Amino acid sequence: MRITCPLCGARDHREFTYKGAALPVPALDSGVAEWDAHVHLRENPAGPHEELWQHAMGCGAWLKVRRNTVSHEILAVELAQDAGLVIKEDRS
Amino acid sequence: MAETEMQLAAKSPCAGLLPLTIGDVTLTEDTPAAMTLIAPYKGQEKPLSDALNAAHGMGFPAPNRATGNAEARAIWFGRAQALLVGPVADPKLAAHAALTDLSDGWAVVRLEGAHAEEVMARLVPIDLRPQVFKRGHTARTELQHMMASITRIGPKALQIMVFRSFADTLVHDLKRAMEAVAARG
Amino acid sequence: MGFSGKFSGWRVLKEGLTGNKGWTAHWRDPEPKREYDVVIVGGGGHGLATAYYLAKEHGLRNIAVLEKGYIGGGNVGRNTTIVRANYYLPGNSEFYSHSLKLWEGMEQDLNYNAMMSQRGILNVFHNDGQRDAAVRRANSIINQGDDAEILYRDQLKKLVPFLNYDNNRFPIMGALLQRRAGTARHDAVAWGFARGADQYGVDLIQNCEVTGIDVEGGKVTGVQTARGPIKAKKVALAAAGRSGQVAAMAGLTLPIESHVLQAFVSEGLKPVIDHVITFAAGHLYISQSDKGGLVFGGNLDFYSSYAARGNLPTQEHVMEAITAMVPAVTKARLLRSWGGIMDMTPDGSPIIDTTPIDGLYLNAGWCYGGFKATPASGDCFAHLIATGRPHEAATRFKLDRFRSGYGLMDEEGTGAQHNLH
Amino acid sequence: MRIAGKGLVSHNRTVNFSFNGKDYMGLEGDTLASALLANDVHLVGRSFKYHRPRGILTAGSEEPNALVSTGKGAARDPNIRATQQELFEGLAAQSQNCWPSVERDVMAVNDLAAPFLGAGFYYKTFMWPAPLWEKLYEPIIRRAAGLGALSGAANKDPYEKAFAFCDLLVIGSGPAGLMAALTAGRAGADVILAEDDSRMGGRLLAEVEEVDGKPVHVWVAEALAELEAMDNVRLMPRTAVTGVYDHGTYSALERVSHHLPPSQSLKTAHRPRECFWRIAAKASVLAAGAIERPIAFRNNDRPGIMMAGAVRAYLNRWGVAPGERITVFANNDDAHRTARDLVAEGVHVTAVIDSRHDAPDSGEFPVIKGAMICDSAGRHRLESVTIRSVNGEEKLQTDCLAVSGGWNPSVHLTCHMGARPEWNRELAAFLPKPDAVPGMVVAGAANGVFSTYGALQDGAQAAITALAGIGTSVDAVPLPEASDAPYRISPLWAVPGKGRAWLDFQNDVTVKDVAQAARENFRSVEHMKRYTTQGMATDQGKNSNVAALAVLADATGRSIAETGVTTFRPPFVPTSIAAMGAGAEDQGFMPQRYLTSHKASLQRGAANIEVGLWYRASYFAKDGESTWRQSCDREVTMVRNAVGVCDVSTLGKIDIQGPDAAKLLDLVYTNLFSTLKLGRVRYGLMLREDGFVMDDGTTARLGENHYVMTTTTAAAGQVMAHLEYLTQVVRPDFDVRFTSVTDQWAQFSVAGPKARDLIDALVDEDVNSETFPFMACGAITVSGVAGRLFRISFSGEHAYEIAVPARYGEALYRLLLERADPLGGGPYGMEALNVLRIEKGFITHSEINGTVTAFDLGMQGLVSKKKSCWGKALSERDGLMDDDRMRLVGLKPVGAMQALSAGAHLFDPDATVERVNDLGYVTSVGFSPTLGHMIGLAMLSGGPDRMGDTIRLVDHTRGIDTLCEVVNPVFFDPEGGRVRG
């Protein structure tokens with residue numbers, strides 16, 4: 001697999017680590033139910049999937065990658081900092 | 001309160017390991033006077049680049065590029081950071097960026113020779129051939145299983161950096177690849 | 001005794017003398033009926049074993065196993081064939097203990113030689129911390145009533161002299177040995193359960209993909225399939241690898257990600273490795289099949305995938321681990337590599353439970369422990385389906401444990417990131 | 001039999017070699033197979049199950065029969081294809097899977113028992129009595145099975161791996177591959193041309209024809225010379241592309257020195273045996289040709305029965321006639337060329353037996369039309385065949401039979417990403433599915449284009465198409481003239497009749513086995529394969545798959561297209577583990593990290609242990625100390641009574657700066673850091689998002705917006721990635737920058753009642769309880785070097801950590817030891833450090849094992865109620881706050897001299913020792929010289945509520961069964977007076 005890092009260009013996937021589905025982060029105090037869903041439950045689609053990778057052995061950037069889980073085709077890559085997954089504001 | 005004055009002896013990361021020549025490829029250690037990581041704060045990229053230019057004569061490098069020259073080089077060092085190699089960083093830069101002294105944090109070696117790229121092709125998963133990886137190009141990548149920074153510093157010369165504590169393994173891995181390339185003749 | 005007759009050495013002799021014309025189908029290929037008491041979705045090892053035990057232990061007969069492709073074509077036919085009971089956390093301990101006991105009588109029970117070979121598994125450790133973890137594990141196994149021994153370097157050397165004991169990075173300090181563990185011929189396990197279930201009248205329906213799960217008023221009523229609708233009083237999902245996709249048909253979101261795990265086999269070689277050997281360093285397990293191929297595997301490819309194939313970095317890592325740990329076998333040539341799709345849960349342990357939908361049962365999340373679980377998974381799932389109560393060996397495989405925090409079984413302590421188990 | 005002057009071998013350069021101990025002579029350019037045939041050696045090996053005599057079937061890497069072992073001792077290489085092994089001076093090869101010799105193999109008795117050893121027989125027997133499987137049946141089966149043998153010794157040969165990059169990867173150098181490479185190369189594209197064979201040219205090397213008006217091998221040589229001269233083209237002979245992976249990643253195996261005698265000189269000592277290539281190609285042309293398939297008939301597996309194309313290759317390329325009276329058996333026109341070329345060289349061709357009634361009369365040899373061969377005879381070598389025609393059956397004396405059932409395009413690589421090939425009725429073959437692999441275009445015979453001209457044209461067009469796909473437009477190049485004979489075939493898979501007709505030669509799978517499998521309802525092609533083992537041998541069914549599934553289709557009344565194929569998977573050719581694992585030998589598996597004090601430690605007698613990637617001193621043996629315990633006890637006592645020095649540089653150090661640095665710390669740690677004062681240090685705990693403890697450590701505030709965080713050695717990388725995650729994904733709005741400074745600083749713990757004396761005398765600044773109180777930090781100067789001093793302690797003693805830039809690390813370490821010695825101090829290692837921390841109840845990753853919470857560790861007080869933090873939400877799940885959870889306690893033996901054991905489990909004294917009564921486990925133990933007995937830390941159900949209780953500790957593996965008292969985990973100085981003193 002080769003992933004095009006927006007900063008470094010196309011790189012072998014051995015340079016990257018994988019975290020899992022790219023999901024919006026709940027507020028810290030939003031309670032067990034929301035965090036349970038965020039950390040544990042997965043749509044797990046067979047098809048396009050938004051997910052988080054880190055270019056750990058390269059520039060260190062976290063990436064949001066849209067990739068087909070059946071064909072492995074990569075449909076889009078962007079820096080995670082621009083992907084709008086940011087934590088929801090705490091209620092407190 | 002110390003009662004004696006004596007200077008601690010300094011030792012370079014590859015002391016006792018280099019230089020090394022196998023076939024037509026030579027591996028030597030570089031010991032820059034200083035290395036400083038420069039990480040611009042939010043919105044400070046432009047003023048930082050200006051200040052860097054004023055203080056050290058080069059702009060903040062774009063991704064995958066190095067600016068400056070052999071005496072003072074700014075190497076793009078990953079997301080939102082560059083490594084100033086050579087001069088001690090001007091403290092004024094701290095107004096725009098986090099400055100971290102890494103003068104002792106990285107081992108720096110130079111691989112040079114007609115088959116240098118073939119040696120690297122055994123260790124590094126990116127294309128370092130001169131028509132692709134040109135003068136002024138740099139990359140953050142891996143060398144075997146180590147994080148590395150690689151910069152072209154000459155037509156047949158590459159600068160390779162890994163964390164200091166990996167110096168032994170760096171030399172071991174490069175030596176092994178140099179031997180294999182040389183043995184093919 | 002069923003459709004294909006009883007198997008025995010005498011029968012092999014008799015048929016051999018008469019041109020092997022007397023062998024008949026090991027199972028039927030029936031047309032699906034319109035309605036069943038229990039429909040099992042998934043004709044892999046677990047689904048077939050579930051059908052078998054439902055019939056054998058609970059007297060049910062009107063059962064169908066629906067398989068998208070051919071039976072045994074999923075992970076039961078693409079694993080590294082390891083059977084063991086060396087878990088250490090409550091929940092896993094009693095379950096795999098139960099499973100190993102079932103393995104030990106399975107071939108005679110099924111009248112099918114699955115070549116269960118209790119050749120022993122060695123989990124090699126390399127430092128004090130790993131040794132202490134192995135001791136903790138060994139004590140758990142013994143407390144459960146199963147066998148475990150700690151061998152230190154010199155004892156281990158006598159047993160497996162060809163390992164690299166002095167690797168600079170990972171010197172070998174010793175190993176945890178479970179003698180009753182071993183390997184089995186994976187395909188034969190599926191076929192044996194299939195034949196066994198068929199003999200009780202279970203309908204094994206191949207090429208019958210389930211395309212929908214019918215739910216009315218919170219209760220399951222049947223399934224839609226590529227071969228038409230089928231009514232069912234109970235629907236049992238045993239489609240590990242695809243659990244998320246199948247459960248989604250019933251509107252459920254599971255704590256599961258699908259990942260690919262690769263496995264490898266070398267060309268045939270004369271006997272060299274007599275045990276199953278695993279290494280704490282480098283995530284490597286290796287054994288040798290009766291045909292002579294080295295069978296080995298390592299870690300996940302780490303990214304979500306439904307493609308039953310992997311990529312090079314993981315392959316290379318596995319080969320590098322062998323090179324470091326077992327340099328005496330590196331002249332062997334890799335013959336074939338393949339991938340299986342794993343249901344990865346947040347704690348690396350499985351789920352056998354009821355669901356919020358009445359009559360819908362879930363057997364999922366086997367990560368890469370599914371093969372060794374096959375008989376117990378079938379037995380315990382059948383018990384749950386037939387009685388509505390969990391089997392005593394599978395009380396902790398709860399679907400809601402991640403939310404409640406009770407009874408998490410994270411054997412590796414890597415936390416709730418699905419791909420790290 | 002060699003034909004003088006014929007072929008591409010050097011007739012004037014002889015090469016000596018041996019086979020099964022007997023000496024022979026071959027020519028430069030020979031393979032082992034061609035040289036054996038030239039010497040009239042046909043019996044080369046034995047089959048897998050029945051140990052039938054086997055000869056050379058093919059002339060390529062797909063060879064299923066002629067597998068041999070080469071090399072001596074640890075260099076022995078089993079399962080080498082004789083058809084691929086190039087001859088070199090002194091080559092010694094041996095047959096496999098036979099004893100005592102390939103001629104007289106005792107296991108050949110299996111062949112007599114064949115009626116009882118048919119498909120799947122072992123699933124039906126060997127079940128009684130159960131224990132006999134491991135004791136009797138399995139060992140016999142294991143010994144009989146397998147092919148070559150490994151030496152048993154560690155492989156010491158060098159191997160390597162490498163990466164390569166190109167625009168266009170051309171796989172195969174036959175007419176299609178050469179034209180693809182020429183087309184792309186002339187246009188300036190960056191091209192790699194990879195060829196499995198030692199010599200480029202593919203099928204063209206085996207044929208007699210003209211291309212561009214020249215003998216074909218002349219044209220090939222000219223094309224190669226042109227490619228060789230191009231800077232933008234890289235030729236890779238002896239390189240098989242083995243796998244296709246995502247996004248243009250290909251693997252390839254180069255046989256670097258299989259064709260050379262073992263290295264004798266220093267210069268070549270490091271010459272790799274093989275190189276495993278990882279090639280990133282933007283596009284590719286697959287021009288891998290086709291593989292000829294046998295026809296199944298009774299006893300079709302004898303030595304001397306070969307593929308017709310292979311016979312032609314041995315004749316035309318190697319100048320060898322594999323027999324004196326050669327018969328051809330075919331269902332297609334192509335095989336007639338074999339007869340034609342043999343006749344042209346004066347070799348006697350008895351007849352071409354063609355199953356087609358409309359077969360052509362193509363030359364000066366008899367063609368028997370509408371006939372088939374239905375049996376063969378000859379023990380170790382073919383002696384005769386039986387022909388069945390309209391005239392009945394007739395025996396024909398012949399010593400070589402050239403068989404062709406047609407050609408199977410080499411579609412394997414197109415299937416590696418999951419695509420299935422498609423059946424083509426006209427060609428009676430599977431063709432690649434279009435666009436099976438993104439960026440790959442298939443050309444030539446691999447694409448079902450079998451004529452030379454067609455392949456040249458298809459190859460040129462494939463390059464144009466492939467390059468257009470990556471946005472490079474390329475001009476067509478002129479095509480040379482060449483033959484364009486059509487490929488005519490009428491399918492014939494198996495000759496009907498009694499007896500055993502082989503499909504899979506190596507695994508001994510016959511037509512009967514497939515039919516029986518179908519009868520037993522193994523009707524899916526995957527079931528048939530797995531039940532009969534057809535296609536599971538070293539050729540992975542390259543020779544047998546299509547015929548076997550055609551037989552299955554016939555047996556089940558389905559078409560071939562309905563029956564389908566099994567999956568082709570990597571690698572295309574078997575690939576040594578050594579090549580794919582190259583670089584991991586000795587110290588190469590993972591990098592090693594060394595401390596600046598490493599050498600100085602060794603000089604002080606240190607024994608090293610690995611911790612993560614680091615090497616650390618575990619203890620320092622002094623004269624008279626014979627066990628590690630003696631050294632450890634002394635070092636602990638030394639720290640408690642005087643002063644000890646320990647290199648702690650392995651701990652992760654992260655330099656954090658920026659206006660939002662404190663906010664980041666408050667997010668990541670359970671406790672507050674925004675309140676930490678300048679020049680102070682605080683201990684912190686961080687959680688994973690699932691609420692379990694990730695790591696602990698101290699963070700010091702060095703400036704207004706400047707902190708340095710310390711992590712454990714084990715979790716340094718994980719914490720760094722976590723901080724990147726938090727600042728890039730969760731809070732990209734934070735204006736904070738951080739980097740690892742682990743390697744920048746050499747940091748030493750100086751611990752003990754005399755630590756201050758040592759430090760104060762060493763640094764320029766005054767160090768006292770005012771300037772450096774407990775948990776203070778600040779800049780210092782030591783011998784002219786600017787450093788940092790932290791008043792922190794992991795031993796419970798008055799202690800400091802002193803840090804200097806790493807270049808001074810060794811010098812400072814030596815200086816510290818020099819100063820410690822006169823104070824009665826010295827170095828201490830990990831063993832002593834461990835005992836010191838257990839005495840104080842401090843935790844490490846023995847306790848933070850990924851399954852414990854702050855609550856479990858008794859650290860819920862460290863989870864601030866004033867703020868939230870990462871992981872807090874899920875840490876508050878009911879199940880994680882349950883009092884019955886296993887929680888941290890101390891253990892001390894009841895009765896002073898009892899042993900404790902890490903990994904032991906805990907029980908109530910009156911409960912039986914079984915899992916249901918298991919209350920917990922011991923995480924860490926050590927002998928405390930300070931207290932004079934063993935102490936331990938444990939995770940115990942309801943632990944803190946059991947203080948003072950007696951608990952039973954059982955370690956079956958060490959034979960320990962003892963009673964302990966549950967105590968506070970802080971064994972020593974619980975008030976903490978010493979650390980502040």
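Labels below follow one simple rule: chain letters A, B, ... track the order of the sequence lines, proteins then strands, and each chain is numbered from 1. Every value quoted in this text rests on a predicted model; they were computed, and no experiment measured them.
Remark: D:Q728 CD to A:L63 CG distance equals 8.0 Å, nearest 0.5 Å. Interatomic distance, CZ of A:R2 versus CG of D:D246, reported as 12.0 Å (0.5 Å rounding). In this structure, the separation between CD on D:E724 and CD on A:Q81 is 10.5 Å, given to the nearest 0.5 Å. Between atom CD of residue A:E73 and atom CE of residue D:M417 there is a gap of 9.5 Å, rounded to the nearest 0.5 Å.
In terms of heavy-atom pairs under 4.5 angstrom with chain D, the leader among A:A61, A:A80, A:A56, A:P24 is A:A61. Chosen from D:M720, D:R731, D:E689, D:K872, the residue pairing most often with chain A at heavy-atom distances under 4.5 Å is D:E689.
Proximity to chain D is absent for every atom of A:T17, based on heavy atoms less than 4.5 angstrom apart. There is no contact between D:F734 and chain A, counting heavy-atom distances below 4.5 Å. In this structure, chain D has no heavy atom under 4.5 Å from any part of A:R11. Within the 4.5 angstrom heavy-atom criterion, atoms from both the backbone and the side chain of A:I74 approach chain D. For chain D, the nearby part of A:K19 is the side chain; its heavy atoms alone come within less than 4.5 Å. For A:H13, no part sits under 4.5 Å from any heavy atom of chain D, backbone or side chain.
Closest non-hydrogen pair, A:W62 versus D:A721, comes out as NE1-O, 3.6 Å. In this structure, D:C869 and A:L28 approach most closely via the heavy-atom pair O-CD2, 3.9 Å. The minimum heavy-atom distance between A:G31 and D:A873, with the atom names listed, is O-CB, 4.3 Å.
Around the CD atom of A:E78, the shell of radius 6.0 Å holds more than 12 heavy atoms that belong to other residues, nucleotides or ligands. By the 6.0 Å contact criterion, NZ on D:K433 is open, its count of non-hydrogen atoms from other residues, nucleotides or ligands being 12 or less. By the neighbour-count criterion of 12 heavy atoms within 6.0 Å, atom CG of A:D82 is densely surrounded, having more than that number from other residues, nucleotides or ligands.
Under the rule for a ring-ring contact (aromatic ring centres under 6.0 Å, His included), the partners of D:F568 that lie at least two apart in sequence or sit in another chain are D:H412.
Between A:V25 and D:Y725, the closest side-chain pair of non-hydrogen atoms falls below 4.5 Å. Two residues are said to be in side-chain contact when any heavy atoms from C-beta on lie closer than 4.5 Å; A:V86 and D:D733 fail this criterion. Using a 4.5 Å cut-off on side-chain heavy atoms (C-beta onward), D:D878 and A:V32 make no contact.
In this structure, the side chain of D:H247 engages the main chain of A:H72 through a donor-acceptor pair within 3.5 Å.
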